[in-house]
Amino acid sequence: MIDSTPEWQRLTARATSVPSLREAFSDDHERAGRFTWDVDGLIVDASKNLIDDDLVEDLIALADAAGLDEARAAMFRGDHINVTEDRAVLHTALRRRRSDRLVVDGQDVVADVHDVLDHMADFAERVRSGAWVGHTGARIRRVVNIGIGGSDLGPFMAYRALMAFRHPEIDVHFVSNVDGTHLHQALVGADPAETLFIVASKTFTTLETLANARSARAWLVEALGSDEAVARHFVALSTNAEGVAAFGIDTENMFGFWDWVGGRYSMDSAIGLSLMIAVGPDRFAEMLDGFRSMDQHFESAPIAENVPAMLGLIGVWYRNMLGYPTHAVLPYSQLLDRFPAYLQQLDMESNGKQVRLDGSTVGHDTGPIVWGEPGTNGQHAFYQLIHQGTTPVPVDFIAFAHPDFETPDHHDALIANCFAQAEALAFGKSAEAVRAEGVPESLVSHKTFPGNRPSTMLFAERLTPFVLGQLIALYEHKVFVQGVIWGINSFDQWGVELGKVLAKAIITELEDGAADAAHDASTSAMIERYRTMRSR
Ligand code: G6Q
């Protein structure tokens with residue numbers, strides 16, 4: 001068990017003497033440079049973290065003790081590292097070059113990936129050019145992606161992030177929630193003749209997605225007056241050809257992927273079709289290049305300079321040795337407004353686990369609570385707690401030298417705020433400095449900032465498709481590293497099952513009759529209350 005190794009214990013012992021950022025920076029003028037890395041233009045400045053050279057050595061020793069090198073090789077090779085589902089974990093194959101070959105379970109998965117990418121590109125181009133027309137001959141102007149979780153958050157986040165690159169005549173909307181309002185919102189102002197629905201579901205069994213897809217089909221058929229319209233207005237992204245056919249979508253218009261692509265790791269598979277229609281196949285390919293840049297770095301860089309590995313290890317130090325329960329991601333880019341939500345799923349669904357690969361219970365904390373909002377908005381809301389609250393919150397700031405939409409003067413103000421926050425968190429403001437400003441003694445403690453609050457700065461020229469791909473892959477691999485250290489399976493999600501099963505049972509009770517006596521008294525009372533109110 002990792003927590004009984006000397007490497008873990010040495011780190012635990014260090015928690016009593018956390019480095020002071022103020023001293024670390026004044027004693028060591030090389031520090032900023034030494035803990036800043038550049039991966040093909042993505043600059044990662046980790047120097048404002050609570051680390052020093054000795055600690056980094058101990059973190060690397062922990063990675064060795066956990067077998068990180070071998071685990072990483074096993075993932076890239078296609079071993080069945082998702083042991084509870086007996087599957088390979090090969091999202092990295094989704095961005096391999098066409099000329100590569102990777103045979104897994106007897107199949108060249110890179111060739112399969114490129115067959116689907118070609119099919120997607122051909123379809124996306126036809127929609128973009130207007131060659132693909134709807135049932136009445138009208139071109140498509142609205143695309144509605146219907147999917148949830150891993151079949152929604154990635155393309156939705158990326159569509160917003162890459163807004164500057166989107167086709168001017170095509171809008172993409174995303175419907176995930178089974179709350180009918182969501183579908184309603186996506187269809188406000190939509191012309192059925194110009195609307196294309198993409199039903200995105202790996203399993204094609206997900207309740208929310210099928211309910212939304214059925215309602216969308218009913219809306220379309222009613223408006224266009226024929227079931228035949230479905231063929232021109234519905235395509236599917238799935239691994240379940242039978243389910244797609246049963247729904248009434250021609251499997252010619254299905255874009256496939258494979259069981260070795262986990263839902264939350266699937267945005268660069270066929271699940272990205274809505275994004276590809278929006279930004280075009282070339283931009284999509286640039287995004288894949290960005291993913292690949294980070295994959296290659298993660299696969300080959302020594303741990304001490306390996307950005308996903310180092311950020312993962314620093315996260316373990318915060319979570320396990322220093323006991324920090326959360327991690328904030330604060331993009332200073334409005335275009336990344338859904339990035340924290342995307343990372344929430346990526347990280348929390350992957351590492352929110354309490355048993356190890358062998359089923360035994362872990363004896364330490366695992367995945368942190370991940371959260372965040374774009375800056376500067378957050379500064380006027382929750383940053384108070386990050387600066388002066390009782391629990392330190394490690395932060396990732398994300399910023400770009402150029403905005404995608406230039407508005408005079410705004411960008412300098414945005415970036416000045418970002419840099420100022422990182423500086424204030426790290427170095428705080430001492431009571432002496434507050435007094436020196438003539439602040440009355442009664443207010444000195446209120447106006448004092450403790451500092452030593454850690455952050456990492458992720459910085460690039462601009463938010464291009466390439467950089468977005470790099471950022472996503474960076475977090476994917478960081479999550480992987482932490483899962484390896486903790487000895488858990490980052491690639492299953494049994495925790496979402498129980499609620500799904502119970503919901504199925506309760507739906508019947510809401511519709512057909514009294515609550516099952518097996519429920520607890522509180523749940524039974526809520527079911528009855530709901531039924532009474534609905535019948536009024
Ligand atoms: C992701 C999860 C989950 C999944 C959704 C949608 O890793 O498994 O978020 O993506 O439940 O599943 P389908 O794509 O099968 O509809």
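For the single chain, residues carry numbers from 1 onward in sequence order. Heavy atoms only: backbone and side chains are in, while hydrogens, waters and symmetry mates are out. Whatever order the structure lists ligands and atoms in, that order sets their numbers, starting from 1.
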N/O donor-acceptor pairs under 3.5 Å from side chains in residues 311-320, not counting sequence neighbours:
residue, atom, partner, partner atom, Å
W317, NE1, L50, O, 2.8
Y318, OH, N49, OD1, 2.7
Y318, OH, L50, N, 2.9
R319, NE, T366, O, 2.7
N320, OD1, W486, NE1, 2.7
N320, ND2, D365, O, 2.8

Q: Would you check ligand 1 and list the protein residues that come within less than 4.0 Å of it by any heavy atom, ordered by chain and number?
A: I148, G149, G150, S151, S201, K202, T203, T206, G263, R264, Q345, E349, Q493
Q) Can you list the residues that meet the salt bridge (Lys or Arg N to Asp or Glu O under 4.0 Å) rule with R101, with sequence neighbours excluded? A)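 Residues passing salt bridge (Lys or Arg N to Asp or Glu O under 4.0 Å) with R101: D108.
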Q) With D122, which residues qualify under salt bridge (Lys or Arg N to Asp or Glu O under 4.0 Å), at least two apart? A)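 Partners of D122 under the salt bridge (Lys or Arg N to Asp or Glu O under 4.0 Å) test: R126.
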Q) Donor-acceptor pair, H114 side chain versus R98 backbone, under 3.5 Å? A) yes
Q) Going from NZ on K353 to CH2 on W494, what distance comes out if it is rounded to the nearest 0.5 angstrom? A) 10.5 Å
(Q) Are the side chains of F291 and I472 in contact, using a 4.5 Å heavy-atom criterion? (A)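 With C-beta onward as the side chain, the pair touches.
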